[in-house]
Amino acid sequence: MSERSRLLERLRRLLGLEDGGEAASPEPAAPYGDGDLPPGCEHVEEISCEEAARKVYEFLDGELDDEDAEEVRCHVEQCRLCYPYFNWEELFLDALKERADRPESSRELRERVDDLLDREIG
Amino acid sequence: MSGEERPEASVEDGSSKREEFEAEALVHLDVLYGRGLRLTGGDEARAEDLVQETVLKAWRAWDSYETGTNCKAWLLTILRNTFINEFRQKKSRPDPVDYDDVEERPVWSQLRQEDPSGEFFDSIIDDEIVEAIEELPEDFRVTLVLSDLDGLSYAEISEQLGIPEGTVKSRLYRARQRLQKELYDYAKSMGYVRGEQG
């Protein structure tokens with residue numbers, strides 16, 4: 001999304017012109033819960049919210065082994081508190097990866113590189 | 001007059017190699033400079049030196065580069081290795097990092113009521129994200145760039161920087177939390193979010 005369309009979107013949101021006129025989207029809801037287990041979680045050990053939160057980055061970075069990753073997934077998919085939190089952290093990492101790797105141009109650098117190659121070729 | 005033809009031929013070789021290098025490698029100059037700036041914390045002189053060194057190494061190794069493979073990734077790897085060599089040399093001891101000023105409570109717990117779906121991130125412009133990264137303490141910044149921009153695993157970062165994986169993990173955690181706090185403070189100062197009192 002360009003800077004300009006981002007600003008326009010924010011303006012629309014501030015003015016309440018967005019669909020429904022809601023100021024903020026609702027909290028994303030965990031797909032399971034209330035005794036409804038996510039698929040494949042019948043024999044997975046239960047962990048606490050604290051433990052899940054401690055492993056949030058390892059989970060999102062794909063650094064947990066299969067067993068630990070399953071424990072976290074099974075907890076998060078049925079936890080009212082952790083589901084929106086994990087979702088939010090994932091959005092943060094996506095924003096970081098997509099938007100921080102911005103190319104930068106420098107005319108001086110370009111000229112220096114040309115000179116460097118001229119000298120190198122001789 | 002074969003004595004005159006030889007230098008001519010080599011000039012021609014040089015110029016076609018250079019054209020190829022131009023078209024395949026130098027088109028990525030801005031990408032390299034951007035990554036250099038992130039790694040060096042926005043230090044333009046250092047980033048320019050880093051890119052020049054990368055270009056020179058790439059030029060000298062150009063014969064071993066396989067045309068058609070991912071040239072950008074190849075160049076970024078040279079840039080990363082060049083940076084890390086220098087980083088490890090000058091670094092006989094780690095930065096004294098002030099661990100105490102890291103807030104235990106993540107930004108999420110303050111934003112949860114107001115912005116549960118993360119629209120907050122869309123309100124922040126790219127400049128602000130870039131600046132917040134460049135202002136991180138060096139150890140945190142380098143670890144974060146290797147992970148989130150270079151896409152290296154914890155084990156790879158551990159090997160490259162010569163630090164235990166546990167240190168990679170805790171640096172990444174702290175770097176990301178600091179970044180969130182910076183962005184949150186910025187968003188509050190711009191009035192994008194109200195922020196909770198207390």
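Proteins get letters first, then strands, A, B, ... in listed order; numbering begins at 1 in each.
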Enclosure of A:R80 CZ (heavy-atom neighbours >12, cutoff 6.0 Å): no
Pairwise distance CG(A:L93) to CG(B:L179) - rounded to 0.5 angstrom: 10.0 Å
Nearest-0.5 Å distance that lies between atom OH in B:Y173 and atom CD in A:E58: 11.5 Å
Cluster overlap A:Y32 with A:V72, hydrophobic side-chain contacts below 4.5 Å: no
ILVMFWY cluster, B:Y65 and B:V55 together (side-chain gap under 4.5 Å): yes
From A:R112 atom CZ to B:E48 atom CD, the distance as rounded to the nearest 0.5 Å: 4.5 Å
Option in B:G118, B:A47, B:G36 with maximal non-hydrogen atom pairs under 4.5 Å from chain A: B:G118
Residue A:E42 excluded, over 12 heavy atoms near CD under 6.0 Å: yes
Considering all heavy atoms, the nearest B:D148-A:K97 contact: O-CG, 3.2 Å
Closest heavy-atom pair and its distance - A:P28, B:S117: CD-CA, 4.3 Å
Charged tip of B:R176 within 45° of A:F92 ring normal and under 6.0 Å: no
Whether A:W88 and B:F120 hold their rings parallel, tilted or perpendicular, with breakpoints at 30° and 60°: parallel
Hydrophobic cluster identity match, B:L146 and A:L60, side-chain contacts under 4.5 Å: yes
Test ring-ring contact (aromatic ring centres under 6.0 Å, His included) applied to B:Y33 - qualifying residues, sequence neighbours left out: none
Between CG on residue B:D126 and CD on residue A:E98, distance to nearest 0.5 Å: 10.0 Å
Side-chain touch A:L117/B:F21, heavy atoms, less than 4.5 angstrom: yes
Listed once per pair and sorted, the salt bridge (Lys or Arg N to Asp or Glu O under 4.0 Å) pairs that draw on residues 28-44 of chain B, sequence neighbours left out: A:D101-B:R35, A:E104-B:R38, B:R35-B:D150, B:R38-B:E134
salt_bridge(B:E131, A:R102) N-O dist < 4.0 Å: no
Toward chain A, the part of B:V130 with a non-hydrogen atom under 4.5 Å: side chain
Segment of B:L26 engaging chain A (4.5 angstrom heavy-atom cut-off): both
Interface moiety of A:D115 toward chain B, non-hydrogen atoms closer than 4.5 Å: neither
Intermediate values then yes/no, side chain to side chain contact (heavy atoms under 4.5 Å, CB included), A:L81 and B:R112: CA-CA 10 Å; A:L81 294 172; B:R112 179 160 182 235; 3.5 Å; yes
B:E159, CD atom: more than 12 neighbouring heavy atoms under 6.0 Å: no
Hydrophobic cluster membership, B:Y154 vs B:F87, 4.5 Å side-chain cutoff: yes
Euclidean distance, A:E63 CD relative to B:E165 CD, rounded to 0.5 Å: 6.5 Å
Pairs of heavy atoms under 4.5 Å with chain A: top-ranked of B:L172, B:L183, B:L56: B:L56
Residues clustering with A:L37 (ILVMFWY side chains joined when closer than 4.5 Å, directly or via others): none
Residues in residues 76-85 of chain B near chain A [non-hydrogen atoms, under 4.5 Å]: none
Euclidean distance, B:E53 CD relative to A:L116 CG, rounded to 0.5 Å: 10.0 Å
Nearest heavy-atom neighbours spanning A:A100 and B:I129: CB-CG2, 4.1 Å
The single option from B:R60, B:K17, B:R18 passing salt bridge (charged side-chain N to carboxylate O under 4.0 Å, His left out) against A:E120: B:R60
A:D118 atom CG, neighbour heavy-atom count above 12 within 6.0 Å: yes
Residue selection (most heavy-atom pairs with chain B, distance under 4.5 Å) from A:D61, A:N87, A:D94: A:D61
Heavy-atom pairs under 4.5 Å with chain B, option from A:L96, A:L91, A:L109 with the top count: A:L109
B:L149, part contacting chain A, at a heavy-atom distance under 4.5 Å: both
Atom CD of A:E45: over 12 foreign heavy atoms under 6.0 Å: no
